[in-house]
J.: 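Take this structure first; my questions come after.
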Amino acid sequence: MSEWGRAPFPAAFRGIFPDRLYAWLERCPAIGAAEELHLQRKGLSTLTAAGETLLLPELFESAEFDRLLLGLLRGSPYAQEDRLRQGYFLFPGGYRVGVCGGAVTREERIGAPELSSVSSLCLRIPHRHPGIAAPLVHLFLQTGRGSLPGRGMLLYGPPGVGKTTLLRDLCEQLSGEPHYFRSAVIDDRGELFPEKESPGLNADIYAAWPKGDGLEAAIRTAAPRLLLCDELSDREALRLLEIGSGLPLIATAHAGSAEELRHRPGLGRLLDAGRFFCAIGLHRGSGGLGFCYRETAPAEVYA
Amino acid sequence: MKLLGLLFLTLAGVGGGILAARNAEKATAQTEETVRLLQLLLERIETYREPLPEIFASFSSPVLTACGFLPAYPTAPETALRRTLLSRELSESLLELSLSLDGCRSADCAAAAIRRTLRQGEEEAKKLRETLPARRKTALTLGVSGWLLALLLLW
């Protein structure tokens, strides 16, 4: 499995980004810690690295921005129709590109935006930090597996805090050597395991499955001992309650606090149902890519 | 000098005939392979919504690779089409198709664009296949006629 870590600017973008911008990004000292590129048509573009925001040296001309967008879509916008409708698309290698543009609605349903109306892109650069989830692995093995079987962990935090990176490492540690927990990973956005395979891991990757359907298929057919799911929404939480599994679930969710989680219609009910033995708040430490855990005891969450 | 000239005429006539016959065969084969490529594109896009680079990577065609069309078409269609012996109409249609696919946000739109070109390609391929023996014969006849003419002059 490839090590992403603090890698240089990906060569996959050569020929897609304008040459001078690619050269600038390649030379940028902070590129190894790059987390996000925010690119605007005719506007300011920025690079976020280790929590800092840097301005890109040049503005994008409209035609240049169109070429970049088409290049990132690999000349096949139709292949990302459903994702574009949800405001993002994927670039091979686990890159998620958020798309902001004029919405097209028909019969109250949002359609994929017209490419020429896309005004900005938010390119998330995935990272792999082997071993970063070690404290959570220990916590899960000590508590989740022993005294509270069938219960999992909910990792919450604001966007960009590193929930996906942490979940990926948790999966690699739990389903890899030496534990080999048989896991089912619902990777609907292809961000956890973009290779769609998991060599060395005792894990089934449900790539591109909608979360609810993926969870149901995994529970019914793959006989996992652990479920992992990124960005669980309220709708999917309710669906999970309907399906019922008795399996521990490790999931991530967007939330600012345990209190906020508790008041969410789906996730709150999942917490009330005792599906998680703890909720763990994530926030960025001063070191940039470090994680700070704030374990919330069930009593606090359910109070 | 006269002898050399006649020899040149003979060779040019026969060579030209053979070349024309081979080009007719190549044009037919390239058109048929293009149709096969369009059929694959249609199927993969309609069924799997697969991106173009993946479809092209899975398509193998020695005929279209030899002329340099395959590696270049998805990214530089104009250059790719210049390398083929496809008819002007089909080339224009393929160029239009590559532009249409760039703007298609739905698989239905992409499939409709491919179908239009596919229909045209199928018709052309059928016509070329039917007329191939006649075109091959004409080309060879022209070559042999040139040779005979040269022989007569030499006589």
Side-chain angles (χ1 to χ4, degrees), chain A residues 12-17 19 62-95 97 99 101-107 109-118 188-190 194-196 207-210, chain B residues 34 37-59 61 64 68-83 91-118:
Chain A
F13 295 125
R14 194 190 291 276
I16 292 177
F17 276 76
D19 289 343
S62 200
E64 212 170 40
F65 188 86
D66 283 337
R67 272 198 300 277
L68 170 78
L69 175 57
L70 202 59
L72 288 170
L73 284 162
R74 305 167 76 216
S76 319
Y78 61 83
Q80 310 258 10
E81 182 187 1
D82 292 339
R83 294 189 183 108
L84 280 169
R85 206 179 285 141
Q86 295 173 57
Y88 77 101
F89 63 89
L90 298 176
F91 184 79
Y95 299 91
V97 187
V99 176
V104 180
T105 50
R106 188 175 295 164
E107 291 165 8
R109 192 165 174 250
I110 295 177
E114 191 77 54
L115 298 188
S116 58
S117 79
V118 172
D188 65 328
R189 293 183 170 184
E195 308 90 350
K196 296 179 187 144
W209 281 68
Chain B
T34 306
L37 170 67
L38 291 169
Q39 285 167 340
L40 182 78
L41 281 172
L42 185 62
E43 186 205 326
R44 293 286 186 84
I45 289 174
E46 274 196 320
T47 318
Y48 305 109
R49 311 279 198 264
E50 214 171 335
L52 294 177
E54 266 92 329
I55 307 177
F56 276 87
S58 69
F59 182 72
S61 167
L64 292 179
F69 171 84
L70 256 194
Y73 179 66
T75 45
E78 282 176 30
T79 318
L81 288 163
R82 268 201 300 270
R83 294 172 181 169
S91 294
E92 277 169 7
S93 183
L94 283 164
L95 193 62
E96 203 178 301
L97 171 67
S98 80
L99 293 174
S100 310
L101 290 179
D102 282 351
C104 276
R105 291 169 295 150
S106 75
D108 291 342
C109 158
I114 294 170
R115 259 195 203 98
R116 277 196 295 275
T117 312
L118 179 61

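A quick note: this is a predicted structure, and the numbers were derived from the prediction, not measured. Every chain is numbered from 1 and lettered A, B, ... according to where its sequence line falls, protein lines coming before strand lines.
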J.: Can you tell me if A:Gln86 has over 12 outside heavy atoms packed within less than 6.0 Å of its CD?
T.: yes
J.: Answer with side chain, backbone, both or neither: which region of A:Pro113 has an atom nearer than 4.5 Å to a non-hydrogen atom of chain B?
T.: backbone
J.: Within the side chain of A:Tyr78, is there an N or O that forms a donor-acceptor pair under 3.5 Å with the backbone of B:Gly103?
T.: no
J.: Heavy-atom cut-off 4.5 Å, strictly under: side chain, backbone, both or neither for A:Gln80 against chain B?
T.: neither
J.: For the residue pair A:Pro77 and B:Leu101, what are the closest heavy atoms and their distance?
T.: CD-O, 3.5 Å
J.: Which heavy atom of A:Glu81 sits nearest to which heavy atom of B:Ala107, and what is that distance?
T.: OE1-N, 3.5 Å
J.: Minimum heavy-atom separation for B:Pro51 to A:Arg74, with atom names?
T.: CG-NH1, 3.7 Å
J.: Closest approach of A:Ser76 and B:Pro53, non-hydrogen atoms and distance?
T.: OG-CD, 3.9 Å
J.: Look at atom CD of B:Gln39 and say whether more than 12 heavy atoms of other residues, nucleotides or ligands are closer to it than 6.0 Å.
T.: yes
J.: Can you see which heavy atom on B:Asp102 is nearest to which on A:Leu115, and at what distance?
T.: O-CD1, 3.7 Å
